[in-house]
Visitor: 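One structure, as structure tokens, below. Some questions next.
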Amino acid sequence: MDIPKRTTLKKLAVIGLTAGVVTHVPYVFARKKISLRVLGTHVTLQEAIRKQAMLDLGINIEFSPAGSAAVLQKASMDPSSFDLYEQWSNSINVLWRAGTIQAIEKKRLTYFNEINSLTKTGKLTPEAKLGAGDAPYKLLNVQENGTLSANESDHISFLPYVHNVDSFGYNTAMIKPGIAYETESWGWLLDDAHRGKVGIVNAPTIGLFDLALATQSKGLITFKDIGAITRSELDRLFSILIDYKRQGHFAGYWNSVPESIEFMKSQRVHIESMFSPAVASLNSQNINVRFAAPKEGYRGWHGVMCLSSQVNNNQKDAAYDYMNWWLSGWAGAFIARQGYYISNPQRSKAMLSPSEWDYWYLGKPTSVNLLNTQKQVAVKAGEQRNGGSYLKRLSNVAVWNSVMPTYDYSLQKWYELISR
């Protein structure tokens, strides 16, 4: 084991990482029934997805969902504990350097040519922002020398699939609705008017960027590269944030989507870092929370499905079947009802009602109530998704969830902030 790998594993061991009408034709295989172990987070490792995949593929699938810190640490330390790993693109560098994932053969991916340009070139439209930090296209292709880059090759480090943009949510009963891309701003998280009612996601690769975008928007600091914040910039940033904390500005730091829902539901906060399913859940409970479209741009994330470096031949065949199943239509339609996107959306279009497609992907008002994955009304007739269409939203990424070169130092500063 080389020194960089040993150093990475040692650090991980000590600190961890945070962080309508449906029709379907079964995706059938005659292969002997085996078990496939999938390690990941609750975002994609949902029981409905597992059951449908098992039904379609004819294999047994074991999901092991946990928090992002726990699953990344486990995957980095023990590649024998999983066959497939599902998380975010900011985990790729860690896993690749640790040697716990292997290259994926593009020729074995049935729908690779259908995957859109977001992860291939970084843009869905010519005028789109690339976004700072760990933009997934930079990490996709495996080169002959073992490095990862945007240069096209026959092997990739991850399957591009589910993705979205995140921002913050705010209770419109307490805060007057703003205008998407015009008045809604990350700076709202630091407005004095919201003091004591602000919540932040407790993750250095996520919450840190929410607060960095907020401080920069307020004119309190300017970063040379917000995707690679320097030590001196981190010192200045956290000096500002600790001063806000001393003034009682932050109401808490949430660790899970259910906790973020409870923060808002109990009115512990009026504004907070949020993920799309939390906003949908609160709206289905008649708590009017708006998911902001900040004028500075979103924080983007992209799901990655990775192949264990120690997967055996039978499991490897099943793993490729599962990866192909994810892009075969049903799963993409399922996650669309949570506000998430899939890398080859046209294949899922037939499994969404016209109203669902128009609302979630085209950003049009819906003429009917739309249900979430629990069959609850999440979107009421007449509503329009804030931020607009898929193309509009993914063309406005300010920064991607990232593991920066100063990650270790940012961890120290982050825990200083939340523990004071």
Side-chain angles (χ1 to χ4, degrees), residues 2-19 41 66-77 87-98 100 132-134 139 166 168 186 189-190 198-218 220-256 259-260 272-273 299 301 398-420:
D2 58 27
I3 292 174
K5 183 186 293 185
R6 210 162 46 233
T7 302
T8 298
L9 298 181
K10 183 178 179 182
K11 289 176 181 177
L12 288 166
V14 174
I15 62 177
L17 291 174
T18 60
T41 70
S68 59
V71 299
L72 186 50
Q73 181 174 354
K74 185 174 183 178
S76 301
M77 299 296 292
Q87 226 223 60
W88 325 125
S89 57
N90 51 285
S91 64
I92 287 295
N93 277 327
V94 174
L95 296 175
W96 191 256
R97 290 167 185 165
T100 58
D134 289 339
L139 313 170
D166 289 333
F168 58 90
W186 285 102
L189 290 172
L190 297 180
V198 179
I200 302 295
V201 55
N202 181 15
T205 58
I206 303 177
L208 184 151
F209 294 107
D210 291 358
L211 291 170
L213 286 162
T215 52
Q216 185 165 261
S217 175
K218 296 289 282 186
L220 302 174
I221 191 171
T222 299
F223 301 101
K224 184 177 181 180
D225 181 354
I226 199 169
I229 302 174
T230 65
R231 285 176 67 101
S232 61
E233 289 172 338
L234 285 169
D235 288 338
R236 174 60 182 153
L237 171 63
F238 280 92
S239 175
I240 294 168
L241 297 176
I242 288 171
D243 187 51
Y244 269 88
K245 183 170 183 180
R246 286 181 182 137
Q247 297 175 49
H249 190 82
F250 304 112
Y253 312 88
W254 56 265
N255 295 288
S256 67
E259 191 173 15
S260 72
E272 63 176 342
S273 306
R299 176 177 42 73
W301 61 267
V399 63
W400 295 87
N401 292 354
S402 300
V403 174
M404 302 184 295
T406 53
Y407 178 74
D408 290 345
Y409 189 62
S410 73
L411 266 182
Q412 297 174 31
K413 304 302 289 185
W414 183 262
Y415 292 126
E416 254 184 64
L417 173 68
I418 67 172
S419 65
R420 280 177 177 263

Visitor: Do Ser217 side-chain atoms and Ala214 backbone N/O form a donor-acceptor pair below 3.5 Å?
Guide: no

Visitor: In the structure I gave you, are the side-chain heavy atoms of Thr222 and Gln216 within less than 4.5 Å of one another anywhere?
Guide: yes

Visitor: Tell me the closest heavy-atom pair linking Lys245 and Ser419, and the distance in Å.
Guide: NZ-N, 3.9 Å

Visitor: Taking all non-hydrogen atoms of both residues, which atom of Arg299 and which atom of Trp186 are closest, and how far apart?
Guide: N-CZ2, 4.0 Å

Visitor: Is a side-chain donor or acceptor of Thr406 paired with a backbone partner of Tyr409 at a separation under 3.5 angstrom?
Guide: no

Visitor: Can you measure from CG (Leu95) to CD (Gln87) and round to the nearest 0.5 angstrom?
Guide: 8.0 Å

Visitor: With sequence neighbours excluded, what pairs up with Tyr253 under the ring-ring contact (aromatic ring centres under 6.0 Å, His included) test?
Guide: none

Visitor: Which one of Asn401, Asn90, Asp166 satisfies the side-chain hydrogen bond (donor to acceptor under 3.5 Å, both in side chains) criterion with Trp301?
Guide: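 Between Trp301 and the candidates, side-chain hydrogen bond (donor to acceptor under 3.5 Å, both in side chains) is satisfied uniquely by Asp166.
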
Visitor: Keeping Glu233 on the side-chain end and Ile229 on the backbone end, is there a donor-acceptor pair under 3.5 Å?
Guide: no

Visitor: Can you give me the closest heavy-atom contact between Pro405 and Ala228, atom names plus distance?
Guide: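 Looking at all heavy atoms of both residues, the shortest contact is CD-CB, 4.2 Å.
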
Visitor: Measure the spacing between CG of Leu189 and NZ of Lys218 and express it to the nearest 0.5 Å.
Guide: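 Those atoms lie 10.0 Å apart.
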
Visitor: Got a second to check how far Thr100's OG1 is from Met77's CE, nearest 0.5 Å?
Guide: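 One finds 10.0 Å between OG1 of Thr100 and CE of Met77.
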
Visitor: Work out which heavy atom in Trp254 is nearest to a heavy atom in Ser273; give both atom names and the distance.
Guide: NE1-O, 2.9 Å

Visitor: Quick one: pull up CG in Leu72 and OG1 in Thr41 and give me the separation to the nearest 0.5 Å.
Guide: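 OG1 of Thr41 is found 11.0 Å from CG of Leu72.
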
Visitor: Which pairs count as ring-ring contact (aromatic ring centres under 6.0 Å, His included) when at least one residue sits in residues 222-247, sequence neighbours excluded?
Guide: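 Listed by first then second residue: Tyr244-His249.
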
Visitor: Testing the basics here: between Ala132 and Gly227, what is the closest heavy-atom pair and its distance to 0.1 Å?
Guide: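 Closest pair (atom of Ala132, atom of Gly227, distance): CB-N, 3.8 Å.
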
Visitor: Cut-off 3.5 Å, side chains only: do Gln247 and Asp243 have a donor facing an acceptor?
Guide: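 Yes, a side-chain donor-acceptor pair sits under 3.5 Å.
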
Visitor: As a quick check of understanding, evaluate side chain to side chain contact (heavy atoms under 4.5 Å, CB included) for Phe168 and Leu213, giving each step before the final call.
Guide: CA-CA 11 Å; Phe168 58 90; Leu213 286 162; over 6 Å; no

Visitor: Between Phe250 and Leu190, is any pair of side-chain heavy atoms under 4.5 Å apart?
Guide: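 Yes, their side chains come closer than 4.5 Å.
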
Visitor: Just one of Val403, Val399, Ile92 clears the side chain to side chain contact (heavy atoms under 4.5 Å, CB included) bar with Asp134, so which one?
Guide: Val403

Visitor: Does the side chain of Asn202 come under 3.5 Å of the side chain of Trp414 through a donor N or O and an acceptor N or O?
Guide: yes

Visitor: As an exercise, state the distance from CG of Leu237 to CD1 of Ile242, rounded to the nearest 0.5 Å.
Guide: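 So the gap between those two atoms works out to 9.5 Å.
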
Visitor: Could you walk me through whether Lys413 and Glu416 pass salt bridge (charged side-chain N to carboxylate O under 4.0 Å, His left out), step by step?
Guide: CA-CA 5 Å; Lys413 304 302 289 185; Glu416 254 184 64; 3.7 Å; yes

Visitor: Would you give the length of the straight line joining atom CG of Leu211 to atom CD1 of Ile206, rounded to the nearest 0.5 angstrom?
Guide: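 Between Leu211 CG and Ile206 CD1, I get 12.0 Å after rounding to 0.5 Å.
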
Visitor: Looking at Leu220 and Arg236, what are the two nearest heavy atoms and their distance?
Guide: O-NH2, 3.8 Å

